[in-house]
Amino acid sequence: MDRIRIVGGRQLNGAIPISGAKNATLPLMIAGLLTDQTLTLENVPRLADVGLLQRILGNHGVDIMVPGKRPGDTEHDSQTLQISATHIVDTTAPYELVSKMRASFWVVAPLLARMGEAKVSLPGGCAIGTRPVDLLIMAMEKLGAEIEIEAGYVIARAKKGLRGGEIVFPKVTVGGTHTALMAAVLANGTTVIENAAREPEVTDVADCLNKMGAKISGAGTSRIVIDGVAKLNGARHSVLPDRIETGTYAMAVAMTGGDVMLEGARPELLQSALDTIAQTGAEVTSNNHGIRIKRNGGGIAPVEVTTEPFPGFPTDLQAQLMALMTRAKGTSHITETIFENRFMHVQELARLGARIELDGETATIKGVDKLKGAPVMATDLRASVSLVIAALAAEGETMVNRVYHLDRGFERLESKLARCGAAIERVSG
Ligand code: UD1
């Protein structure tokens with residue numbers, strides 16, 4: 001199993017290219033199931049989760065073509081996927097595949113919408129809590145699906161097709177909103193989604209679906225209206241930049257000090273996180289090329305932050321912010337309201353010398369002058385990158401074990417950081 005070795009204490013200076021967003025790529029690939037024509041996705045990040053979803057879609061009969069390198073391409077260029085679901089040969093997504101990646105459960109809606117049936121394994125729990133799918137099921141039922149749960153599988157049927165309806169989410173859910181959108185685009189009649197997730201990735205998926213011929217309005221607001229159409233066609237769409245990767249590197253620079261341009265990043269995708277980073281004392285500016293983060297001298301100021309659905313501070317940056325706060329001059333508080341139990345990184349940060357107390361959903365972080373390198377273990381995607389941020393500022397060597405979590409969501413993390421001067425390398429084996 002690969003590990004990452006980091007020797008802390010160096011500033012970051014230079015430029016980091018921001019990849020396409022993982023959390024938009026996955027539902028966009030799944031949206032390819034809705035048409036028998038080719039959906040071409042550009043700016044797709046090279047991530048383990050993308051490879052895994054390619055396998056899952058392949059099991060349904062989807063062909064995915066990845067054109068090779070072109071003259072002038074560099075290792076930093078993203079990939080293009082040509083997704084063709086001409087014939088869907090299997091409407092079952094088995095446990096062995098779905099259990100490896102939660103988001104693959106989302107195939108249920110397009111399979112149901114196009115084929116009138118789907119049998120998809122329940123995803124099961126994961127390191128950051130129970131993460132139920134009751135609201136995804138509710139959304140499909142509101143559009144006329146009949147749903148049974150049998151032997152760990154969700155079996156969804158709509159033999160006469162789905163019909164438009166009103167879906168009111170009692171809680172903001174990104175996966176629920178993707179599911180509702182993908183079910184509604186081919187339904188007969190109009191669907192209204194109330195309390196929809198406003199995350200930029202939802203808007204990106206809706207934009208792509210509209211290019212495919214869907215009639216969706218209001219994406220990016222909490223009320224989305226969809227007029228169902230009989231058929232969708234192929235399209236070409238470029239994935240939006242990854243706001244979580246952007247915020248992660250921004251916090252890394254705020255932690256180590258230095259001056260880094262996050263190329264291709266868009267401030268409107270993470271304004272709340274950028275405001276928080278500015279409060280910690282880093283200078284945040286942006287132009288047409290991206291977002292520049294600078295901190296020279298001066299300490300890290302403590303902050304009070306609560307995670308919220310977009311446009312609030314994202315839960316996917318909570319662990320990274322906590323890593324930054326371990327070195328703040330004073331005490332900070334971070335409250336996690338989206339996922340219970342999303343504090344797996346606390347024990348590992350403590351191994352580096354962090355002082356963090358947990359009380360229910362709130363963490364109190366008392367900043368320390370120094371962190372010291374130690375062996376640590378990556379537990380989930382965002383938690384593992386928080387260990388990298390802490391290690392970049394820790395004295396001596398940190399070895400991050402189980403880095404396959406990082407590879408699920410961060411493209412060439414070590415090479416992006418090393419190019420900016422970090423002492424970081426992958427140790428194979
Ligand atoms: C997506 C993101 C994930 C991010 C999360 C919140 C992807 C691939 N993943 O996950 O990185 O952290 O949004 O921004 O895009 N809930 C229910 N019932 C349901 C569904 C959700 O109670 O049927 C709850 C969840 O337990 C959680 C909250 O709703 O407390 C939000 O979850 P949701 O937005 O659905 O997260 P995901 O879509 O799984």
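Atoms within each ligand, like the ligands themselves, are counted from 1 in listed order.
Selection from P132, P170, G176, A197 by nearest heavy atom to atom 20 (C) of ligand 1 gives P132. Counting heavy atoms only, V174 comes closest to atom 33 (P) of ligand 1 of the residues V174, L135, D134, V172. Residue nearest to atom 30 (O) of ligand 1, selected from I137, T179, D380, I338: I338 (by heavy-atom distance).
Under the 3.5 Å distance criterion, with hydrogens and angles disregarded, a donor-acceptor pair is assigned to the side chains of Q318 and H345. For the 3.5 Å distance criterion, the side chains of T315 and E336 qualify, holding a donor opposite an acceptor. Judged by distance alone, the side chains of D275 and Q279 never bring a donor and an acceptor atom under 3.5 Å apart. In this structure, a donor-acceptor pair under 3.5 Å is present between the side chains of K416 and S19. Using modelled atom types and a 3.5 Å distance limit, the side chains of N43 and S238 yield no donor-acceptor pair. Side-chain contact annotation: Q320 with T248, donor-acceptor N/O pair under 3.5 Å present. For Q82 and T38, the side-chain atoms include no donor-acceptor pair closer than 3.5 Å.
Taking 4.0 Å as the cut-off, T177 does not count as a neighbour of ligand 1 on heavy-atom distance. Residue contact check for ligand 1: F105 places no non-hydrogen atom closer than 4.0 Å to it. A heavy-atom separation below 4.0 Å is not found between Q318 and ligand 1.
Distance OG1/T337 to CZ/R342: 11.0 Å, rounded to 0.5 Å.
Contacts with ligand 1 closer than 4.0 Å are made by side-chain heavy atoms of K171 only, the backbone lying farther away.
Of the polar atoms of W106, none of the N or O atoms is found under 3.5 Å from an N or O of ligand 1, judged by distance alone. The distance criterion of under 3.5 Å between nitrogen or oxygen atoms is met by T173 with respect to ligand 1. Not a single N or O atom of T315, backbone or side chain, sits closer than 3.5 Å to an N or O atom of ligand 1. Geometrically, ligand 1 and L26 share no nitrogen or oxygen pair separated by less than 3.5 Å.
Applying the 4.0 Å criterion to heavy atoms of F339 picks out, from ligand 1, the atoms 5 (C), 6 (C), 12 (O), 25 (C), 27 (C), 32 (O), 36 (O). Near G175, meaning under 4.0 Å from one of its heavy atoms, ligand 1 places the atoms 35 (O), 38 (O). Heavy-atom proximity to R342, at under 4.0 Å, picks out these atoms of ligand 1: 12 (O). Below 4.0 Å from some heavy atom of V133 lie the following atoms of ligand 1, by number and element: 19 (C), 23 (O).
In plain terms, the two heavy atoms of L34 and A113 that are nearest each other are CD2-CB, 4.1 Å.
Relative ring orientation between W106 and H178 is described as tilted, the plane-to-plane angle lying within the 30° to 60° band.
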